[in-house]
Amino acid sequence: MVKAAVMIEAGRIELQDFPYPQITPESLLLRVDLVGICGSDSHMYRGHSHVMFPVIPGHELTGTIAELGPEANNTMRVVGGPLQEGDRVVVVPSSKSCGHCFFCLQMPHRPNLCPNRTVHGFRNCQTPPHLFGGYAEYLYVDGNSWVYKLDEDFPSELAVFADPLSTALRAVEKALPPGLPNLGEGYGVGKRVVVIGVGPIGLLAVAALRETGAGTIIATDVSDSRLEMARTMGADLTLNARTTSPQERKEAVLAATEGVGADVVLECAGVPEAFAESLALVRRGGKVVEVGHYTDPGAVLIHPFQICNKDLDVHGCWAYPQIQFKEALLFLKRTQAPLTSLISHRLPLSEAERGLQMLGTEGVLKVVIAPWD
C-alpha cells in the first residue's frame with residue numbers, strides 16, 4: 001500500500017492508503033523525495049479553487065524513478081535522458097499539450113494555455129491509479145509528461161524549487177518586451193522593480209531580478225521574516241505592509257525612483273488589494289505583471305483611469321511553458337543565492353495539513369514535505 005495525504009474537501013485532509021499501482025509501458029512510478037507546499041495548495045485548502053475533490057495535492061516535487069515502463073522514454077518529453085530506474089528527476093506538473101485545440105494550433109508558443117492539459121496535484125484521485133499528486137510516497141507519471149533528469153549531485157533541496165522558480169522566471173521575462181530598456185521600454189539592467197509579496201515565488205523573483213542586473217529592488221510584504229529573506233536574496237529596500245499605509249509605501253517608492261515610480265511591478269502576493277496597489281506604484285509607461293492570482297480569492301475595486309492615464313502595460317502570467325524547467329534548473333545550478341535557506345520547515349507526510357495551515361504565518365518561508373521521513 002501507498003500512503004498519501006488526501007484533501008477530502010476544502011479544509012480537510014486525511015492520510016489514506018492506496019494500492020501500489022501497476023504502470024503501463026508508457027508510464028513511470030516516481031518515489032517522491034521532496035514536495036513543496038505551494039500557495040495554490042493553500043488556496044485549494046481554503047476553498048478558492050475549482051477542483052473535483054478528493055485530490056492528492058502537490059505539484060512542486062522531485063523524486064527517484066522506482067519503475068520505468070519500456071516505452072516511457074519514447075512517449076514522454078525527456079530532457080537530459082534517457083531515463084532508467086534509479087534516476088533522480090523533476091516532473092513538470094502539467095502534461096504535454098494536446099496538439100489539436102485552438103491554442104495548440106494557433107498559439108503553440110504558449111502551451112500553458114492548452115485547456116486539455118492535466119496537472120499533478122489538482123486531479124481527482126478516486127479512480128486508479130489514484131496517485132496524481134505529490135503529497136504521497138509515490139507519484140504515477142503517465143506517458144503524456146515532461147521529465148527532466150537530474151545530475152547525481154543535484155540536491156533535492158534545490159530541485160524542489162524547479163516549479164516555483166519557473167513561475168518566477170517567466171514573470172520576470174514577461175516584463176522584458178519590447179526589449180528597449182535604454183528607451184524606457186521593458187525591463188533591463190538598472191531598472192527599478194517593486195515585488196509585492198515575497199513568499200517563495202516573490203523571493204525567487206527577487207533573486208532572479210538581482211542576477212539579471214536590476215537596479216533598485218523594493219520588496220513589500222506583511223512578514224518581517226520574509227522581508228529579511230528578501231534582503232538576503234538581493235532586495236535593496238523593504239516595506240512592511242502591515243505597519244505602513246499604502247500612501248507611505250507609495251511615497252517610499254517615489255523617493256527611491258526619482259519621484260516617478262517603479263519601472264516594473266511584480267504582484268506576487270495573490271491578494272486582490274495588492275493588484276490595486278501595483279497600479280499606484282508603477283510609473284507612467286511602466287509594466288505590471290500579475291503573477292500571484294492562480295486561484296480566485298475575490299475582487300477589488302480599481303480605477304481603470306490609472307491604466308489609461310499611465311499608458312501601462314499590464315500582463316497576466318499563467319504558469320509557464322514546460323521547457324521553462326530547463327532555464328530554472330540551470331539557474332538553480334549556477335546561482336550564488338542561498339536558495340536552500342528558503343526552506344524553513346520540513347515535515348513528514350502525516351503533518352501535511354499542519355504545513356498548509358502554517359503558510360503565510362510569521363517565520364514560515366518554504367514548507368516542504370518529505371514523505372519518507
Side-chain angles (χ1 to χ4, degrees), residues 1-47 49-69 72 76 83 85-95 118-145 147 156-157 159-160 163 343 345-359 366-373:
M1 301 297 283
V2 177
K3 290 191 181 301
V6 182
M7 194 174 295
I8 304 298
E9 59 188 5
R12 180 184 168 203
I13 286 189
E14 292 181 359
L15 203 61
Q16 294 187 0
D17 289 328
F18 291 91
Y20 189 88
Q22 298 297 314
I23 65 170
T24 65
E26 297 82 15
S27 63
L28 66 82
L29 192 66
L30 189 72
R31 183 186 190 272
V32 179
D33 296 333
L34 280 183
V35 57
I37 296 183
C38 178
S40 58
D41 298 341
S42 177
H43 281 293
M44 180 164 56
Y45 181 72
R46 296 172 185 173
S49 297
H50 301 291
V51 297
M52 292 182 60
F53 293 112
V55 168
I56 301 174
H59 57 277
E60 302 176 356
L61 53 93
T62 181
T64 304
I65 298 176
E67 291 189 43
L68 183 72
M76 296 182 180
L83 301 174
E85 291 178 3
D87 282 344
R88 296 174 55 250
V89 300
V90 289
V91 179
V92 180
S94 60
S95 65
T118 56
V119 185
H120 291 303
F122 297 91
R123 297 174 62 179
N124 181 276
C125 65
Q126 286 183 303
T127 57
H130 306 291
L131 303 175
F132 300 125
Y135 290 17
E137 293 174 328
Y138 290 94
L139 176 80
Y140 182 88
V141 182
D142 64 30
N144 195 32
S145 301
V147 180
S156 295
E157 291 77 10
V160 76
D163 171 81
I343 298 177
H345 295 79
R346 176 181 173 128
L347 302 176
L349 192 60
S350 59
E351 296 189 44
E353 187 162 21
R354 184 169 79 89
L356 285 163
Q357 295 168 346
M358 291 168 59
L359 253 59
K366 189 65 178 177
V367 181
V368 299
I369 296 172
W372 296 91
D373 279 5

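Starting from 1, each residue takes its place in the sequence as its number. Scope of the values below: all heavy atoms of this structure, side chains included, with no hydrogens, waters or symmetry mates. None of the values given here were measured: they were computed from a predicted structure.
Residues M44 and P57 approach most closely at CE-CB, 3.8 Å, considering heavy atoms. When all heavy atoms of T62 and A159 are compared, the pair lying nearest together is OG1-CB, 3.8 Å. Nearest heavy atoms, F18 versus C125: CE2-O, 4.0 Å. Residues R46 and A10 approach most closely at C-CB, 4.4 Å, considering heavy atoms. Minimum heavy-atom separation, P371 to A136: CG-O, 3.3 Å. Taking all atoms of both residues into account, the shortest heavy-atom contact from M52 to V55 is O-CG2, 3.4 Å.
Here OG of S94 is found 8.5 Å from CG of D163. Values are rounded to the nearest 0.5 Å. In this structure, the separation between CE on M76 and CG on L68 is 7.0 Å, given to the nearest 0.5 Å. How far CD1 of I65 is from CG of L83: 4.5 Å, rounded to the nearest 0.5 Å.
Residues P19 and H130 have side chains in contact (heavy-atom distance under 4.5 Å, counting atoms from C-beta outward). The side-chain heavy atoms of N124 and P54, taken from C-beta on, include a pair separated by under 4.5 Å.
Aromatic ring orientation, Y138 versus Y20: perpendicular (interplanar angle above 60°, classes split at 30° and 60°).
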- Message: As a quick check of understanding, evaluate side-chain contact (heavy atoms from CB on, under 4.5 Å) for L356 and M7, giving each step before the final call.
- Response: CA-CA 11 Å; L356 285 163; M7 194 174 295; 4.0 Å; yes

- Apply the test side-chain contact (heavy atoms from CB on, under 4.5 Å) to residues Q16 and I8: give CA-CA distance (whole Å), side-chain angles for both, the deciding distance (0.1 Å), then the verdict. CA-CA 10 Å; Q16 294 187 0; I8 304 298; 3.2 Å; yes

- Message: Checking V6 against I56 for the side-chain contact (heavy atoms from CB on, under 4.5 Å) test, could you report, in this order, the C-alpha distance in whole Å, the side-chain angles of both residues, the deciding distance, and whether it holds?
- Response: CA-CA 5 Å; V6 182; I56 301 174; 4.1 Å; yes

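Remark: the backbone N or O of V2 is not paired with any side-chain donor or acceptor of E137 at under 3.5 angstrom. In this structure, the side chain of S95 engages the main chain of T118 through a donor-acceptor pair within 3.5 Å.
Tested against Y45 for a side-chain hydrogen bond (donor to acceptor under 3.5 Å, both in side chains), the candidates R12, E353, E9 yield a single pass: E353.
For E351, the salt bridge (charged side-chain N to carboxylate O under 4.0 Å, His left out) partners are R354, not counting sequence neighbours. Applying the salt bridge (charged side-chain N to carboxylate O under 4.0 Å, His left out) rule to R346 yields the partners E157, D373; only residues at least two apart in sequence or on another chain are considered.
Heavy-atom neighbours of E85 CD from other residues, nucleotides or ligands within 6.0 Å: above the threshold of 12. The neighbour count for M1 CE, taken as heavy atoms of other residues, nucleotides or ligands under 6.0 Å away, is above 12.
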Please set out all donor-acceptor pairs under 3.5 angstrom arising from side-chain atoms of residues 27-37, sequence neighbours excluded.
from	atom 1	to	atom 2	distance (Å)
S27	OG	T24	N	2.9
S27	OG	T24	O	3.2
S27	OG	T24	OG1	3.1
S27	OG	Y140	OH	3.2
D33	OD2	T64	OG1	3.0

